[in-house]
Amino acid sequence: MEESRICIALDFKTKNDVEEFLKKFGDEKLYVKVGMELFYGEGIEMVKMIKAMGHKIFLDLKLHDIPNTVKSAMRQLAKLDVDIVNVHASGGIEMMKAAIQGLEEGKQGGKRPLCIAVTCLTSLDQDVLDNQLLIHEPLNEVVLKWAENAKEAGLDGVVCSPLESKLIHDHLGMDFLTVTPGIRLATDSVNDQKRVTTPAMAKELTSSYIVVGRTITASADPLATYKQVYQDFQGE
């Protein structure tokens, strides 16, 4: 296989759970997402273990603070040898620029980690924007504007729904990455997400990377399910 563009969300509570899960993939080299629960519970040692197993890591901490704080935090995260980090696009252009500055200052040797910005969470819809956040522009336009801000700030891409990926690529080019959660096989429950697609649909909608969690992690045969998702998404 070529480098996978499928990022498995490691929605586990402990380092041992993660290690046992990853062993099921044998020599397969994965892209995995370490989120808040796992990182806050197990910390840097978790990251070191996964990297030692040869996998790439999207460290999904969604930084959102004043620019100087984000810059300082990114300077520290850059030392962890992870492959992707992220911020909230709603923090604004100056905050996102500060994130890049921190990564450049903290990088170990060669390249800094890729930095992407979360646009609208896939748990949100237009009703939430209108009635809870008082953002009355159409959701697609909000996502595109925040993506434009991220590109202006020098970021490498955004987290968005697959449903907005083509819109972003049409306006900002295919080199600007779209990392898309909300991916389910047709037989799966959508759970707490509202803007979801299948892997095949995400491919048609030009997603650069897809994030897949419970579909794989809760499967009776995670490796077989991973290969099914891979085939659906990459057409191989």
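Residue numbers run from 1 in the order of the sequence given.
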Taking [X] for the side chain and [Y] for the main chain, is one N or O donor matched with an acceptor at less than 3.5 Å?
| X | Y | result |
| --- | --- | --- |
| Asn140 | Val143 | no |
| Ser165 | Leu205 | yes |
| Arg5 | Ser208 | yes |
| Asp60 | Val85 | no |
| Thr69 | Asp65 | no |
| Lys151 | Leu172 | yes |
| Thr180 | Tyr209 | yes |
| Gln126 | Leu139 | yes |
| Thr197 | Ile183 | no |
| Gln108 | Lys79 | no |

Item to check | Verdict with reasoning, Leu185 to Thr198, per side-chain contact (heavy atoms from CB on, under 4.5 Å) | outcome: CA-CA 5 Å; Leu185 293 175; Thr198 64; over 6 Å; no
Side-chain contact test, heavy atoms from C-beta onward, threshold under 4.5 Å: evaluate it for [X] versus [Y] and give yes or no.
| X | Y | result |
| --- | --- | --- |
| Leu59 | Leu77 | yes |
| Val229 | Ile210 | yes |
| Ile8 | Val211 | no |
| Val118 | Val158 | no |
| Cys160 | Ile168 | yes |
| Pro113 | Leu103 | yes |
| Arg184 | Arg214 | yes |
| Thr215 | Thr225 | yes |

Search all heavy atoms of [X] against all heavy atoms of [Y] and return the closest pair with its distance.
| X | Y | value |
| --- | --- | --- |
| Val70 | Ala99 | CG1-CB, 3.7 Å |
| Ala98 | Pro67 | CB-O, 3.3 Å |
| Gly157 | Ala150 | O-CB, 4.4 Å |

Checklist entry - For Ile44, does the CD1 atom sit with more than 12 other heavy atoms under 6.0 Å from it, leaving out its own atoms? => result no
Next on the checklist: Tell me if the CG atom of Asp175 is crowded by more than 12 foreign heavy atoms within 6.0 Å.
Outcome noted: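 Not more than 12 within 6.0 Å, no.
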Checklist entry - Only one of Lys51, Lys33, Lys29 forms a salt bridge (charged side-chain N to carboxylate O under 4.0 Å, His left out) with Asp83, so which one is it? => result Lys51
Checklist entry - For Thr119 and Val159, what are the C-alpha separation, side-chain angles and deciding distance, and is it a side-chain contact (heavy atoms from CB on, under 4.5 Å)? => result CA-CA 6 Å; Thr119 55; Val159 180; 5.6 Å; no
Checklist entry - Between Lys23 and Glu20, does at least one N-O distance fall below 4.0 Å, as a salt bridge requires? => result yes
Distance, nearest 0.5 Å, that separates [atom1] of [X] from [atom2] of [Y]:
| X | Y | atom1 | atom2 | answer |
| --- | --- | --- | --- | --- |
| Lys62 | Ser90 | NZ | OG | 12.0 Å |
| Asn86 | Met96 | CG | CE | 12.0 Å |
| Met46 | Phe12 | CE | CZ | 10.0 Å |
| Leu10 | Ile216 | CG | CD1 | 10.0 Å |
| Leu155 | Cys115 | CG | SG | 4.0 Å |
| Asp156 | Ile84 | CG | CD1 | 8.5 Å |

Next on the checklist: Using ring centroids (six-membered ring only for Trp), state whether Tyr31 and Phe58 fall under 6.0 Å.
Outcome noted: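 No, ring centres 6.0 Å or more apart.
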Checklist entry - When you look at Thr178 and Ser207, which way does the side-chain hydrogen bond (donor to acceptor under 3.5 Å, both in side chains) test go after all the steps? => result CA-CA 5 Å; Thr178 57; Ser207 294; 4.8 Å; no
Checklist entry - Given Tyr226, which of Phe25, Phe21, Phe233 fulfils the ring-ring contact (aromatic ring centres under 6.0 Å, His included) condition? => result Phe25
Next on the checklist: Using side-chain contact (heavy atoms from CB on, under 4.5 Å), reason through Glu42 and Thr14 one step at a time and then give a plain yes or no.
Outcome noted: CA-CA 7 Å; Glu42 296 287 353; Thr14 71; 3.7 Å; yes
Item to check | Check against side-chain contact (heavy atoms from CB on, under 4.5 Å), Met53 and Leu30 | outcome: CA-CA 10 Å; Met53 296 176 78; Leu30 306 173; over 6 Å; no
Report the residues that fulfil salt bridge (charged side-chain N to carboxylate O under 4.0 Å, His left out) with [X], sequence neighbours left out, ordered by chain and then residue number.
| X | value |
| --- | --- |
| Lys145 | none |
| Lys111 | none |
| Asp81 | none |

Checklist entry - Are Ile66 and Ile93 joined in one hydrophobic group, where the rule is that I, L, V, M, F, W and Y side chains link up if heavy atoms are under 4.5 Å apart? => result no
Item to check | same_hphob_cluster(Val34, Tyr40) at 4.5 Å side-chain heavy-atom cutoff | outcome: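 In one cluster with Val34: Tyr40, yes.
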Checklist entry - Does anything in residues 91-106 pair up under salt bridge (charged side-chain N to carboxylate O under 4.0 Å, His left out), and if so which pairs, sequence neighbours excluded? => result Lys71-Glu105, Arg75-Glu105, Glu94-Lys97, Glu104-Lys107, Glu104-Arg112
Item to check | Residue pairs fulfilling ring-ring contact (aromatic ring centres under 6.0 Å, His included) with at least one residue in residues 86-127, sequence neighbours excluded | outcome: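 Found His64-His88.
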Next on the checklist: Could you work out, with ring-ring contact (aromatic ring centres under 6.0 Å, His included) as the rule, every residue matching His55, not counting sequence neighbours?
Outcome noted: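 Here no residue qualifies.
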